[in-house]
Structures are given as C-alpha cells and as structure tokens.
Amino acid sequence: MTTERKQQTGNNLAKIISAVFHPLLMPVYGMLIVFSAPTIFGYLPVNVKKILLLIIVINDVLVPLFLMPYFRLRNIISSWTIEDRRERTIPLIATSFFYSVTVYITLKFHIPLFIKSFILASALLVIAVTLINFWWKISIHSAGAGALTALIFVLSFKMHTPLTIFLIPAIIVSGLVLSSRLWLNSHSPGEVWLGYLLGIAGMTSLLLVF
C-alpha cells in the first residue's frame with residue numbers, strides 16, 4: 001500500500017470515528033449506558049426511558065443537525081465540518097439553546113436526580129464550550145468523549161457497582177476520538193487535551209455536586 005493510499009485510508013477511518021462519536025450523539029450514548037448499566041436506573045419504566053431518549057434525540061441531535069443546511073445556505077458556515085472557529089459560534093449558541101430546552105423539559109419529570117444532573121451537566125458543558133470558543137478553538141469531540149467517560153466513572157462510584165464493561169470501551173473510544181481529531185489536523189494537541197479534560201472535569205464535578 002502506497003503512502004498516499006495509507007493516508008487516505010487513515011483519513012476515511014478518522015472521519016468515520018468522528019461521525020460515529022460526534023459530540024451531539026454523546027448524550028444519547030450516555031443515556032443508553034445509564035439505562036443499560038446494572039444499577040437501579042435500569043429498572044425505570046420502559047415508557048419513561050423511551051420518552052427521555054426521544055426528547056434528547058429530537059432536541060440535542062435532530063434539531064441542531066437540521067439547522068446545518070440552513071446555516072450552510074446562509075453562508076454562516078463554509079463547510080459541514082465547521083473547521084473555522086468563528087463559524088462555530090452561531091451553531092454552538094443554537095445548540096446550547098436546545099440543550100437548555102431539554103433541561104427545562106426534563107426537570108419537570110419525576111425521574112432520578114442523577115439523570116437530571118447528567119442532562120443539566122451536558123447542557124452546561126455545551127455552554128462552556130460555546131464561551132471558550134469565542135477566544136479559543138477547543139475540541140468539542142474530545143469534550144464529549146471526556147464527558148462520557150466521566151459519566152461512567154461517577155455512575156460506578158455512586159452506585160458502588162463496577163462498570164468495567166462500559167469504562168474500558170469508553171477509554172478506548174476516547175483514544176480513538178482524540179487521535180482522529182489530530183490525524184485530520186482539525187485540532188492541535190492542546191485543543192484536544194483541554195477539551196478532554198474539560199469534559200471529564202465538568203461532568204465529574206457536576207454529577208458529584210448534584
């Protein structure tokens with residue numbers, strides 16, 4: 001295999017990893033882990049799980065994604081990957097708004113505080129990333145990976161249940177995500193590591209406080 005072919009293969013693989021573990025999908029993955037882990041949250045009524053997942057999928061994933069063609073049409077963004085830091089501002093503000101709507105809706109539900117805390121922490125992390133983006137291009141992918149890893153760690157700690165079967169894959173995925181962003185030259189090592197540390201620190205502190 002030629003060097004050019006290896007580079008192209010690496011680029012394609014990195015793009016697939018970045019898409020599969022897109023930051024918008026992390027709250028969905030996190031909620032699925034909470035519902036499937038061997039803890040008391042797994043015994044929530046199926047209808048409650050479906051409603052929560054539906055709200056998160058619509059507000060945190062579908063609506064922000066559906067806005068992308070509009071942003072592209074209005075020349076707010078010049079590419080679907082939004083590599084330019086300044087072009088990220090409006091999409092991030094819009095995403096922060098819809099994440100906040102999710103918090104507003106779910107806070108009225110009679111569900112465990114831990115789940116409410118996770119949804120709130122996800123929204124606050126998006127807002128934090130949005131504010132940082134005004135001055136510095138932080139890796140949103142890395143922040144999402146860090147937040148997901150922290151969720152599993154804190155869930156295991158609070159429930160006194162070893163969740164190795166979830167934690168090890170999360171760490172491996174984090175490595176793949178961080179490596180992919182570096183391979184694609186989307187971020188510098190500092191932007192990637194700060195994003196990951198922000199995701200871990202933010203999610204851990206918020207879940208432990210609440």
Side-chain angles (χ1 to χ4, degrees), residues 17-70 91-130 140-141 143-174 177 199-200 202-210:
I17 293 171
S18 296
V20 173
F21 299 105
H22 193 280
L24 287 177
L25 296 173
M26 289 308 186
V28 178
Y29 293 153
M31 194 60 68
L32 288 173
I33 289 172
V34 171
F35 289 156
S36 59
T39 67
I40 58 174
F41 304 129
Y43 296 99
L44 285 171
V46 175
N47 287 339
V48 173
K49 294 179 181 179
K50 288 182 178 179
I51 292 173
L52 286 174
L53 282 172
L54 183 62
I55 293 172
I56 291 174
V57 168
I58 291 175
N59 283 346
D60 297 0
V61 181
L62 295 182
V63 175
L65 284 179
F66 286 160
L67 286 174
M68 294 296 289
Y70 172 77
L92 278 173
I93 291 174
T95 302
S96 298
F97 171 76
F98 289 111
Y99 269 60
S100 300
V101 171
T102 301
V103 172
Y104 176 77
I105 294 173
T106 53
L107 283 180
K108 296 184 177 183
F109 282 35
H110 295 293
I111 55 177
L113 181 60
F114 184 87
I115 295 178
K116 291 183 178 181
S117 299
F118 168 64
I119 295 172
L120 174 61
S122 299
L124 292 177
L125 276 175
V126 174
I127 293 172
V129 167
T130 302
I140 309 172
H141 277 80
L148 190 65
T149 304
L151 166 68
I152 299 170
F153 176 79
V154 177
L155 179 63
S156 176
F157 174 76
K158 282 200 165 187
M159 296 293 104
H160 306 288
T161 304
L163 298 178
T164 310
I165 191 174
F166 294 102
L167 187 58
I168 292 178
I171 294 173
I172 294 174
V173 165
S174 295
V177 170
I200 289 178
M203 182 61 70
T204 300
S205 58
L206 289 168
L207 287 179
L208 287 178
V209 166
F210 295 103

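The chain is numbered in sequence order, starting from 1.
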Undergrad: Quick one: CG on Leu148 to CD1 on Ile171, what's the gap to the nearest 0.5 Å?
TA: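 That separation rounds to 11.0 Å.
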Undergrad: Which pair of non-hydrogen atoms, one from Met203 and one from Leu125, has the smallest distance, and what is that distance?
TA: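 Nearest pair, atom of Met203 first, then Leu125: CE-CD1, 4.0 Å.
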Undergrad: Just distance, no hydrogens or angles: give the donor-acceptor pairs under 3.5 Å from side chains in residues 154-162, sequence neighbours left out.
TA:
from	atom 1	to	atom 2	distance (Å)
Ser156	OG	Thr161	O	2.5
Lys158	NZ	Leu207	O	2.8
Thr161	OG1	Met159	O	2.9

Undergrad: Considering non-hydrogen atoms only, spot the tightest contact between Thr106 and Lys116 and give its length.
TA: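 Looking at all heavy atoms of both residues, the shortest contact is O-CE, 3.7 Å.
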Undergrad: If you compare all heavy atoms of Pro38 against all heavy atoms of Phe166, which two are closest, and at what distance to 0.1 Å?
TA: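 So the two residues come closest at CD-CE1, 4.2 Å.
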Undergrad: Show which side-chain atoms of residues 41-55 pair as donor or acceptor with protein atoms under 3.5 Å away, not counting sequence neighbours.
TA:
from	atom 1	to	atom 2	distance (Å)
Lys49	NZ	Gly42	O	2.6

Undergrad: Nearest 0.5 Å, what's the CG-OG distance between Leu120 and Ser100?
TA: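 The distance works out to 9.0 Å.
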Undergrad: Can you tell me how far OG of Ser205 sits from CD1 of Ile200, rounded to the nearest 0.5 angstrom?
TA: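 Atom-to-atom, Ile200:CD1 and Ser205:OG are 11.5 Å apart.
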Undergrad: Can you tell me how far apart CG (Leu67) and OG1 (Thr95) are? Round to the nearest 0.5 Å.
TA: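 Leu67 atom CG to Thr95 atom OG1 measures 8.0 Å (nearest 0.5 Å).
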Undergrad: CZ of Phe114 to CD1 of Ile119: how many Å apart, nearest 0.5 Å?
TA: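 So the CZ of Phe114 and the CD1 of Ile119 are separated by 11.0 Å.
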Undergrad: For residues 17-35, tabulate all N or O donor-acceptor pairs below 3.5 Å that involve a side-chain atom, not counting sequence neighbours.
TA:
from	atom 1	to	atom 2	distance (Å)
Ser18	OG	Ala14	O	2.9
Ser18	OG	Arg181	NH1	2.9
His22	ND1	Leu24	N	3.1
Tyr29	OH	Val20	O	2.7

Undergrad: Show your reasoning for whether side chain to side chain contact (heavy atoms under 4.5 Å, CB included) applies to Leu92 and Ile140.
TA: CA-CA 10 Å; Leu92 278 173; Ile140 309 172; 3.8 Å; yes
Undergrad: Closest approach of Ser174 and Thr149, non-hydrogen atoms and distance?
TA: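 Scanning both residues, the minimum pair turns out to be OG-OG1, 3.1 Å.
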Undergrad: Please report the interatomic distance OG(Ser36) to CD1(Ile165), rounded to the nearest 0.5 Å.
TA: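 Rounded to the nearest 0.5 Å, the OG-CD1 separation comes out at 9.0 Å.
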